[in-house]
Amino acid sequence: MILSIPTSEQELLNRAELVAGYSFGEIAQYLNIPIPANLNKQKGWVGNLIETFLGANAGSKAERDFVKLGIELKTIPVDKQGKPLETTFVSVTPLMANHGVIWETSHVKYKLAKVLWIPIEGDRTIPLVERKVGKPILWEPNQEQEQQLKQDWEELMDMVTLGKVEKITARYGTYLQIRPKAANGKALTEAIGENGQIILTRPRGFYLKKTFTMQILQASICSSHQSK
DNA sequence: CCGTGATCATGC
DNA sequence: GCATGATCACGG
């Protein structure tokens with residue numbers, strides 16, 4: 001089953017709010033999509049399920065999910081207290097041709113300009129079929145958050161361009177980190193080495209640390225209380 | 001191989 | 001316990 005692409009932000013929000021509270025089993029049955037026993041072999045299954053229901057532009061383009069609306073969709077697994085269980089992948093880390101690349105025009109800033117967060121139950125003790133979708137959060141980074149991300153991005157990209165990519169660990173960056181992002185350890189891509197030469201290294205990606213996404217989720221709880 | 005969707009699972 | 005580094009599936 002293919003659902004139409006939402007033509008407005010409000011339509012997208014309405015659909016996201018509609019699906020809140022339903023289980024993965026119910027949604028998969030409605031869309032006629034088979035449910036895996038677990039996510040071991042299909043780690044992106046939940047993300048694809050929600051994308052399909054919300055009518056996101058399918059494909060693997062380096063574009064936002066809802067191009068016309070300028071909105072990126074992210075499902076985020078949370079525990080019983082609503083805290084993130086995983087970091088959040090943002091985009092591939094460019095390891096070459098970074099001359100003149102700045103934060104303002106970076107893929108990270110672009111992707112995170114406007115995000116529709118969909119919390120999902122991620123507790124592995126709950127059978128996949130029974131796990132439920134949470135209430136959507138439409139988020140834009142505030143000035144402080146953008147500054148935090150920019151600072152981390154600049155520190156990390158400095159290392160990449162200066163040939164220190166092999167020295168980067170996930171411990172760098174306060175809220176944004178760089179980690180491997182590949183099919184397996186055999187995947188290699190070009191990068192700048194210690195002496196400015198071209199080396200082969202594992203592809204990397206930018207990820208948001210849990211401390212950052214937790215702030216987004218908690219802030220939304222606060223504002224919903226205040227608005228009552 | 002790259003980029004999309006991410007979570008797994010071992011080491012600390 | 002939990003984060004880091006590794007990995008799974010798929011379209012192009």
Side-chain angles (χ1 to χ4, degrees), chain A residues 2 5 16 24 27-28 31 33-67 71-81 83-98 106-108 110-112 115-128 131 133-134 152 156 159-160 165-191 198-214:
Chain A
I2 306 295
I5 300 170
F24 302 169
I27 300 163
L31 295 172
I33 292 173
I35 305 163
N38 54 57
L39 298 177
N40 292 27
K41 295 278 183 189
Q42 286 180 250
K43 298 178 181 180
W45 184 81
V46 182
N48 292 142
L49 182 75
I50 303 302
E51 269 194 351
T52 303
F53 186 86
L54 295 182
N57 310 40
S60 58
K61 289 174 290 187
E63 264 184 337
R64 288 179 287 211
D65 297 288
F66 298 96
V67 180
I71 295 175
E72 171 76 8
L73 175 68
K74 289 286 179 200
T75 58
I76 180 166
V78 296
D79 65 14
K80 287 173 184 174
Q81 289 112 49
K83 296 198 296 182
L85 281 165
E86 296 285 352
T87 56
T88 302
F89 173 72
V90 179
S91 63
V92 164
T93 307
L95 301 179
M96 295 288 285
N98 281 314
S106 68
H107 287 277
V108 174
Y110 174 79
K111 281 286 187 83
L112 298 180
V115 180
L116 181 63
W117 298 94
I118 311 278
I120 53 168
E121 287 182 343
D123 185 341
R124 289 192 220 178
T125 63
I126 306 172
L128 192 59
R131 292 183 208 170
V133 177
D152 284 344
L156 293 164
M159 292 187 72
V160 170
V165 64
E166 301 279 31
K167 286 197 159 49
I168 298 176
T169 71
R171 295 167 188 83
Y172 284 87
T174 308
Y175 297 108
L176 195 66
Q177 64 182 182
I178 285 181
R179 303 216 311 277
K181 165 69 172 173
N184 53 59
K186 292 174 185 169
L188 293 173
T189 192
E190 290 185 342
I198 294 177
I199 60 168
L200 288 176
T201 189
R202 301 186 328 285
R204 314 297 165 93
F206 283 110
Y207 295 79
L208 292 176
K209 293 188 177 182
K210 291 197 279 187
T211 46
F212 189 82
T213 48
M214 182 161 64

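Values reported hereafter were calculated over all heavy atoms of this structure, with side chains retained and with hydrogens, waters and symmetry mates removed.
Judged purely by atom type and a 3.5 angstrom limit, Lys209(A) uses its side chain to pair as donor or acceptor with the backbone of Gly173(A). A donor-acceptor pair is defined here as one N or O able to donate and one able to accept, closer than 3.5 Å; such a pair exists between the side chain of Arg131(A) and the backbone of Ile126(A).
Contact annotation: side chain of Lys43(A) to base of dT4(B), donor-acceptor pair absent below 3.5 Å. One donor-acceptor pair, N or O on each side, does fall under 3.5 Å between the base of dG5(B) and the side chain of Lys181(A). Between the side chain of Tyr207(A) and the base of dA6(B) there is at least one donor-acceptor pair of N/O atoms closer than 3.5 Å.
Nearer the 5' end of DNA chain B, as judged by each residue's closest nucleotide, is the contact made by Pro203(A), out of Asn38(A) and Pro203(A). Each of Thr87(A) and Gly44(A) lies near DNA chain C, and the nucleotide nearest Thr87(A) is the one positioned closer to the 5' end.
Among the nucleotides dG5(C), dC2(B), dT7(B), the one closest to any side-chain atom of Pro77(A) is dT7(B). Taking every side-chain heavy atom of Leu39(A) into account, dC8(B) is the closest of dC8(B), dT4(B), dT4(C). Nearest nucleotide to the side chain of Asn184(A), out of dT4(C), dG5(B), dC8(C): dC8(C). Looking at the side chain of Val92(A), the nearest of the listed nucleotides dT4(B), dC8(B), dA6(B) is dT4(B). Residue Ala170(A) places its side chain closer to dG5(C) than to any other of dG5(B), dA9(C), dG5(C).
Note on Lys83(A): nothing from the nucleic acid sits closer than 4.0 angstrom, heavy atoms only. Among the atoms of the strands shown, base atoms are found under 4.0 Å from some heavy atom of Arg124(A). At a threshold of 4.0 angstrom between heavy atoms, the contacts of Glu190(A) with the nucleic acid are absent.
In this structure, CG on Leu128(A) lies 7.5 Å from CD1 on Ile35(A), to the nearest 0.5 angstrom. The distance from atom CG of Leu54(A) to atom CD1 of Ile118(A), rounded to the nearest 0.5 Å, is 5.5 Å.
Following rounding to the nearest Å, Leu54(A) (CG) and dG5(B) (P) show an atom-to-atom distance of 13 Å. Atom CG of Leu85(A) is separated from atom P of dT4(C) by 15 Å (rounded to the nearest Å). Atom-to-atom, CD of Glu86(A) to P of dA9(B) comes out at 11 Å; the value is rounded to the nearest Å. Distance Ile168(A) CD1 to dA6(C) C1': 17 Å, rounded to the nearest Å. Atom CZ of Arg179(A) and atom C1' of dA6(B) are 10 Å apart (whole Å). In this structure, Lys41(A) atom NZ and dA9(B) atom P are separated by 9 Å, rounded to whole Å. Atom C1' of nucleotide dC10(C) and atom CZ of Phe89(A) are separated by 15 Å, given to the nearest angstrom. Rounded to an integer number of Å, the gap from Arg202(A) CZ to dG3(B) P is 17 Å.
One finds a side-chain N or O of Thr189(A) lying less than 4.0 angstrom from the OP1 or OP2 phosphate oxygen of dC2(B). Taking 4.0 angstrom as the limit, Asn40(A) places none of its side-chain polar atoms (N or O) nearer than this to OP1 or OP2 of dT7(C). Between Gln42(A) and dT7(B), a side-chain N or O to OP1/OP2 separation shorter than 4.0 Å is absent.
Pro36(A) approaches Gln42(A) most closely through the heavy-atom pair CB-OE1, 3.6 Å.
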task = Apply the test side chain to side chain contact (heavy atoms under 4.5 Å, CB included) to residues Phe53(A) and Val133(A): give CA-CA distance (whole Å), side-chain angles for both, the deciding distance (0.1 Å), then the verdict.
result = CA-CA 12 Å; Phe53(A) 186 86; Val133(A) 177; over 6 Å; no
